[in-house]
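Just follow the structure's listing: the first ligand is 1, and inside any ligand the first atom is 1. All residue numbers in this chain count up from 1 along the given sequence.
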Amino acid sequence: MEEIVNIQQQFFKQGHTRDVDFRKEQLRKIKKLLNTYEDDIFDALFADLKKPVFETYETELLILKHEIDHLLSNLSSWASPTKVSGEFFNFPSQNYIHPQPYGVSLVIGAWNYPLQLSLNPALSSIAAGNTTIIKPSEHASHTSRLVTNMINENFEAGFLHAIEGDAEVTQSLLDQPLDYIFFTGSTTVGKKIMHAAAKQLTPLTLELGGKSPAIVDQSADIATAAKRICWGKFINAGQTCVSPDYVYVHKSLKKTFLQHLKEYVTEFYGDDPSQSPDYARIINRNHFSRITGLLEDQSEVIGGQYNEEDLYIEPTILPRADWNHSVMQEEIFGPLLPVLPFADLDDVITTINSHSRPLALYLFSTDSDNQEKIINEIPFGGGCINDTVAHLANLNLPFGGIGNSGFGQYHGKSGFDEFSHQKSIMKKSGWPQIPLRYPPYEGNLKWLKKFTDLL
Ligand code: NAD
């Protein structure tokens with residue numbers, strides 16, 4: 001750990017990464033590698049999560065390629081100093097903000113989108129001119145191995161390097177003198193990462209999880225709501241940080257909504273989803289037991305079949321869930337969808353606001369007053385109106401959490417900014433020398449007040 005951080009520090013000092021063309025060349029190289037390794041990537045994701053090829057392309061590869069293209073188109077302008085206006089008290093002066101790389105950054109990935117969540121923050125880090133160490137999640141072991149081989153066989157270790165390992169390895173990395181830490185994972189581990197970062201006051205981003213609600217009000221197009229919630233919930237078998245964790249549906253629509261949901265589950269995955277090539281599996285036995293355990297206090301389930309050998313859990317709707325049940329006490333992170341009725345939107349707002357701040361929220365509504373109310377009255381990371389999950393694909397929308405769902409943002413320009421220190425510079429000439437600001441101050445205060453009153 002010490003050696004790799006040392007090598008990266010030396011590489012950073014040599015100044016290669018300050019050159020924007022160098023950064024672009026590396027980004028192009030990663031894009032090329034994603035094409036070269038495409039089949040291996042499909043295989044690794046299938047081995048880890050039985051992830052359908054389409055989902056791997058859509059939610060891992062495409063997101064990375066789109067990010068690279070966006071960075072290549074915009075990097076030169078983002079990396080240039082931005083001129084800002086001066087102010088009277090420092091007239092004449094020129095004022096600039098210079099985005100500067102931090103130095104050596106560490107990217108710690110999660111297992112649910114194991115390629116994308118390891119590489120996407122690394123792309124922002126590279127674009128901003130940092131050297132980067134990637135620690136993919138050990139739980140997606142095939143993808144972790146592939147990412148490590150792909151990176152370490154093709155890049156100089158001083159610039160970009162991947163290290164495989166578990167919590168202990170990550171902690172040893174965190175003991176090193178890093179310049180930036182970017183963590184994706186659970187809130188519990190996020191707190192440990194922040195604790196480790198605090199020892200050296202290392203700046204960091206925490207991309208965490210939580211219970212992200214979907215709300216379907218009386219004005220919603222109910223079939224569209226059911227279809228898009230069904231898609232956002234069961235993609236990757238519910239193991240998506242921004243998947244709708246549970247649904248609040250207006251009580252007058254609950255029956256129709258459940259009917260539509262059931263129909264879409266069948267339309268998407270067939271009568272027996274265990275036979276569908278389009279439905280992923282749970283990452284490991286620990287998570288399998290955790291998720292199936294959440295079914296124990298449910299009086300009614302729609303679906304609910306599972307098979308431990310295959311790590312399969314059927315897309316399952318929980319029409320009688322309430323906040324006293326274990327499924328509502330923690331982030332589900334699996335294919336169980338509690339559906340709760342509501343009568344008054346204000347009660348929904350009060351309830352959501354009495355829990356941890358969600359990473360995402362989805363409102364299905366055609367009522368603009370309700371849309372505004374939800375946006376203004378509930379703090380959450382980001383979300384959609386009349387869709388789920390899709391907001392994270394727009395690179396013009398910063399992506400990140402708030403409160404327990406994390407802090408800091410990335411994707412597109414926000415990722416570049418996240419990995420850059422904004423260095424503020426005021427440039428002056430030797431003229432003029434305003435005597436007012438220099439001691440001795442006697443008599444100066446009244447002039448200072450006169451000037452400021454005039455302004
Ligand atoms: P996790 O917190 O268990 O692990 C994430 C990473 O932290 C792994 O690389 C792991 O090796 C490392 N780690 C684990 N324990 C550690 C410790 N004690 N010290 C140092 N490092 C440690 O998370 P996970 O299970 O991989 O991911 C699931 C969670 O991540 C969910 O809560 C989900 O919502 C969240 N998530 C968030 C986003 C986002 O973008 N906000 C994306 C994906 C997942």
Side-chain angles (χ1 to χ4, degrees), residues 1 48-49 59-60 63 67 106-122 124 133-141 143-144 147-148 162-176 178 181-199 202 204-212 232-233 235-245 282-284 286-288 290-291 330-334 356-360 380-383 389 391-393 397-411 414-415 418:
M1 307 299 160
D48 285 329
L49 287 150
T59 64
E60 309 253 4
I63 287 191
E67 181 83 45
L106 170 65
V107 171
I108 306 166
W111 53 260
N112 56 332
Y113 290 84
L115 180 80
Q116 195 242 107
L117 295 174
S118 300
L119 290 185
N120 214 8
S124 303
I133 300 168
I134 300 173
K135 211 300 286 174
S137 171
E138 70 279 20
H139 298 300
S141 59
T143 312
S144 172
V147 167
T148 304
I163 294 181
E164 286 201 272
D166 56 8
E168 210 178 313
V169 169
T170 316
Q171 284 295 343
S172 325
L173 274 165
L174 292 167
D175 286 339
Q176 303 307 313
L178 300 161
I181 299 165
F182 190 105
F183 171 79
T184 304
S186 59
T187 303
T188 311
V189 176
K191 288 178 185 171
K192 294 180 185 170
I193 304 292
M194 191 158 169
H195 191 256
K199 286 186 201 152
T202 310
L204 80 164
T205 304
L206 296 179
E207 291 284 347
L208 311 177
K211 286 184 92 59
S212 298
K233 179 69 189 190
I235 193 168
N236 203 27
Q239 300 162 111
T240 302
C241 57
V242 287
S243 79
D245 189 274
I282 305 306
I283 186 72
N284 57 31
N286 282 348
H287 279 281
F288 179 91
R290 181 186 62 76
I291 299 164
E330 59 176 76
E331 179 184 6
I332 299 168
F333 219 54
S356 294
R357 294 174 172 188
L359 178 59
F380 57 93
V389 180
H391 61 298
L392 65 78
L397 292 174
F399 176 74
I402 176 170
N404 265 25
S405 56
F407 55 79
Q409 291 161 326
Y410 77 132
H411 292 179
S414 59
E418 194 76 355

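- When only interatomic distances are considered, the shortest N/O to N/O separation between Thr187 and ligand 1 does not fall below 3.5 Å.
- Under a 4.0 Å criterion applied to the non-hydrogen atoms of Ile108, ligand 1 contributes the atoms 6 (C), 7 (O), 9 (O).
- Polar contact check, Leu208 against ligand 1: a nitrogen or oxygen pair lies under 3.5 Å apart.
- Here atom 34 (O) of ligand 1 lies nearest to Glu331 when heavy atoms of Glu330, Lys191, Glu331, His195 are compared.
- Remark: minimum distance from atom 36 (N) of ligand 1 to any protein heavy atom is reached at Cys241 CB, 3.4 Å.
- Of all the heavy atoms of Glu207, the ones lying under 4.0 Å from any atom of ligand 1 are found in both the backbone and the side chain.
- Side-chain atoms of Gln239 do not come within 3.5 Å of backbone N or O of Gly334 as any donor-acceptor pair.
- Contact annotation: the side chain of Thr143 never approaches that of Pro136 to less than 4.5 Å [non-hydrogen atoms, C-beta and beyond].
- A donor-acceptor pair is defined here as one N or O able to donate and one able to accept, closer than 3.5 Å; no such pair exists between the side chain of Gln409 and the backbone of Ser414.
- You'll find the side chain of Ile163 stays beyond 4.5 Å of the side chain of Ile134, heavy atoms only.
- Less than 4.0 angstrom separates some heavy atom of Phe399 from each of these atoms of ligand 1: 40 (O).
- Met194 CE: 12 or fewer foreign heavy atoms inside a 6.0 Å radius.
- Side-chain contact check for Phe407 versus Glu207: every heavy-atom pair is 4.5 Å or farther apart.
- Contacts between Ile193 and ligand 1, counted as non-hydrogen atom pairs separated by less than 4.0 Å, involve the side chain only.
- Atoms CG and CE, on Leu173 and Met1 in that order, are 4.5 Å from each other to the nearest 0.5 Å.
- Looking at Ser186 and Leu208, their side chains never come closer than 4.5 Å, going by heavy atoms from C-beta outward.
- Listed by number with element, the atoms of ligand 1 under 4.0 Å from a non-hydrogen atom of Phe183 are 2 (O), 5 (C), 6 (C), 7 (O).
- Nearest heavy-atom pair across Phe380 and Ala360 is CD1-C, 4.2 Å.
- Each of the following atoms of ligand 1 lies closer than 4.0 Å to a heavy atom of Phe333: 28 (C), 31 (C), 33 (C), 34 (O).
- Taking a cut-off of under 4.0 Å to the non-hydrogen atoms of Leu359, the atoms of ligand 1 that pass are 41 (N).
- Residue-to-ligand polar distances place Ser186 within reach of ligand 1: an N/O pair is separated by less than 3.5 Å.
- Scanning the protein heavy atoms around atom 27 (O) of ligand 1, the nearest turns out to be Ala110 CB, 3.7 Å.
- Residue nearest to atom 17 (C) of ligand 1, selected from Ala167, Pro136, Ala196: Ala167 (by heavy-atom distance).
- The distance criterion of under 3.5 Å between nitrogen or oxygen atoms is not met by Tyr410 with respect to ligand 1.
- Using a 4.5 Å heavy-atom threshold, the side chains of Thr240 and Phe333 count as separate.
- Ligand 1 has no atom lying under 4.0 Å from any heavy atom of Gly401.
- The nearest pair of heavy atoms linking Ser137 to Ala110 is CB-C, 3.5 Å.
- Residue contact annotation: Lys135 has a non-hydrogen atom under 4.0 Å from ligand 1.
- Every atom of ligand 1 is numbered from 1 in the order shown, and the set under 4.0 Å from a heavy atom of Leu117 is 42 (C), 43 (C).
- Remark: side-chain polar atoms of Asp48 are paired, donor with acceptor, to backbone N or O of Ser141 under 3.5 angstrom.
- Between Lys135 and Ser144 the shortest side-chain heavy-atom distance does not fall below 4.5 Å.
- Checked against a 3.5 angstrom limit, the closest N/O atoms of Thr184 and ligand 1 fall outside it.
- Within the 4.0 Å cut-off (strictly below), no protein heavy atom is located near atom 4 (O) of ligand 1.
- Under a 4.0 Å criterion applied to the non-hydrogen atoms of Gly209, ligand 1 contributes the atoms 32 (O), 34 (O).
- Counting heavy atoms from C-beta outward, Ile181 and Ile193 have side chains that approach closer than 4.5 Å.
- Heavy-atom proximity to atom 44 (C) of ligand 1, evaluated over Asn112, Ile134, Ile332, is greatest for Asn112.
- Checking only distances, Gly109 does come within under 3.5 Å of ligand 1, N or O to N or O.
- Among protein heavy atoms, the minimum distance from atom 19 (N) of ligand 1 is reached at Gln171 NE2, 2.9 Å.
- Closest protein heavy atom to atom 18 (N) of ligand 1: Lys192 CD, 3.5 Å.
- Per-residue contacts place Thr170 under 4.0 angstrom from the following atoms of ligand 1 (heavy atoms of the residue considered): 11 (O), 20 (C), 21 (N).
- Here the protein heavy atom with the shortest distance to atom 24 (P) of ligand 1 is Trp111 NE1, 3.3 Å.
- When heavy-atom distances to ligand 1 are checked against a 4.0 Å cut-off, Glu138 comes that close only through its side chain, counted from C-beta outward.
- Look at Arg290 and Glu330 and you find a salt bridge, because one of the NZ, NE, NH1 or NH2 atoms lies within 4.0 Å of a carboxylate O, short of that distance.
- Counting heavy atoms closer than 4.0 Å to ligand 1, residue Val242 contributes nothing at all.
- At a threshold of 4.5 Å between non-hydrogen side-chain atoms, the residues Trp111 and Leu49 count as touching.
- In this structure, atom 13 (N) of ligand 1 lies nearest to the protein heavy atom Val189 CG1, 3.7 Å.
- Taking each of Gly185, Ser172, Ser144, Ser118 in turn, the one with a heavy atom nearest to atom 29 (C) of ligand 1 proves to be Gly185.
- A donor-acceptor pair under 3.5 Å is absent between the side-chain atoms of Ser405 and the main chain of Gly401, judged by distance alone.
- The NZ atom of Lys233 lies 5.0 Å from the CG atom of Asp245; values are rounded to the nearest 0.5 Å.
- Using a 4.0 Å cut-off between heavy atoms, Tyr113 makes no contact with ligand 1 at all.
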